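Please read these numbers as outputs of a predicted model, since none were measured by experiment. Read the numbers this way: they start at 1 and go in the same order the structure lists the ligands and their atoms.
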Amino acid sequence: MYGLNLDWEIEPGPRTCTLEDYKGAEARWCPGCGDHAVLNAVHRLARDERWPTERTVVVSGIGCSSRFPHYMSTYGFHGLHGRALPVACGIRSRRPDLDVIVITGDGDCCAIGTAHWIHAIRYNMNLTVLLLDNNIYGLTKSQTSPTTRFGEKSNTHPKGSFFASLNPISVTLGIPNASFVAQTIDWNPPHLYATIKAAHRHQGTSFVRILQRCPHFTPHVFAPAQQDLNQVLLMTHAEGIQLEEPARKLFPNCVEHDPRDLAAARRLADREDVYPVGLFYRKEGALRYDEHTATGIDFTPQQKLDALNRILDRFRI
Ligand code: SF4
């Protein structure tokens, strides 16, 4: 796909992308794990939207889902437990030309990484954050996580968790400057794909909680919702996540919800009788901290030195 102009310079043609361009190592998750579905959706979206691999970074913390960067042929950072978001914010601050995708889990984001989660949402840098929530610590073989439901048994609570679980959507909707908050399920590929696509196109931090099956440790958690379609509530709206009609028919239980209505979003997020899926809330034009941290990014070394000296001169006695 290359052409030559009269000066004999090579002009690159449109980029041709295949799934193979984005696939990394072979995924080592358990058979039937919902992480495979999310990886598949991201591979397909990357191909369809022609993500430049050399300008894409996938950042993760620790957990089953955090193996994600190994399975992408992009740049990646498999970091420390709970620290995916500060790493992503750091990359975004100094390399605004890069597309940053964050993969985190319920243990990673909602326990050890909670402070980072709250402030990353508040900073609203241009990041796509996918929270793969399987309600359990899977990598370390079944311990209660912050989203484990009351009464669920695990190695740390063999008689059942006695804490009220944390709802990541309700928490995120309570953080000032949140600009995109959505929820989807790994077992409906069209909705999963459409939600990640909308999140990726959003300018600001898009936070997507993906209800993720863990057939190894918690096969019973989402099985009822898979079998009874009425347990999933599809939020529909012209400003929300758009589905083709055949895919929409898989959701018999629907509600019209305007994602600009924060109070209604909070009421829906708090519902415990169904799993609401779709876009809870979007605010266009919210302040983005990365637009401020990018100041001076194009300075020469001498300009940086001069700027530093000007600041130090303020403290001269
Ligand atoms: Fe997936 Fe659960 Fe296996 Fe981890 S333990 S890879 S979350 S099925």
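With hydrogens and angles left out, the side-chain atoms of T218 and N135 include no donor and acceptor closer than 3.5 Å. No side-chain N or O of S65 forms a donor-acceptor pair with one of D35 less than 3.5 Å apart.
In terms of protein heavy-atom proximity, atom 1 (Fe) of ligand 1 is nearest to C33 SG, 2.4 Å. Closest to atom 3 (Fe) of ligand 1 among all protein heavy atoms lies C30 SG, 2.3 Å. Looking only at heavy atoms of the protein, atom 4 (Fe) of ligand 1 is closest to C64 SG, 2.4 Å. Here the heavy atom of the protein found nearest to atom 2 (Fe) of ligand 1 is C214 SG, 2.3 Å. Among all non-hydrogen protein atoms, the one lying nearest atom 7 (S) of ligand 1 is N134 ND2, 3.2 Å.
Here is the list of ligand 1 atoms found below 4.0 Å of a heavy atom in F217: 5 (S). Applying the 4.0 Å criterion to heavy atoms of P215 picks out, from ligand 1, the atoms 8 (S). If you number the atoms of ligand 1 from 1 as listed, the ones under 4.0 Å from a heavy atom of W29 come out as 6 (S). Every atom of ligand 1 is numbered from 1 in the order shown, and the set under 4.0 Å from a heavy atom of Q212 is 7 (S).
Counting only distance, with no hydrogens or angles, the side chain of D133 and the backbone of I210 share no donor-acceptor pair below 3.5 Å. With hydrogens and angles ignored, the 3.5 Å screen pairs a side-chain donor or acceptor of H237 with a backbone N or O of E239.
Contact annotation: R213 has no heavy atom less than 4.0 Å from any atom of ligand 1.
A salt bridge links E284 to R282: at least one charged side-chain nitrogen sits closer than 4.0 Å to a carboxylate oxygen.
When each of H216, Q212, R28 is paired with C33, the side-chain contact (heavy atoms from CB on, under 4.5 Å) condition holds for Q212 and for no other.
For Y275 and F222, the distance between ring centers is under 6.0 angstrom.
Figure legend: R44 and Y193 shown as a cation-pi pair, the cationic atom lying under 6.0 angstrom from the six-membered ring centre and within 45 degrees of its axis.
Among the backbone and side-chain atoms of H216, no N/O/S atom is found under 2.8 Å from atom 2 (Fe) of ligand 1.
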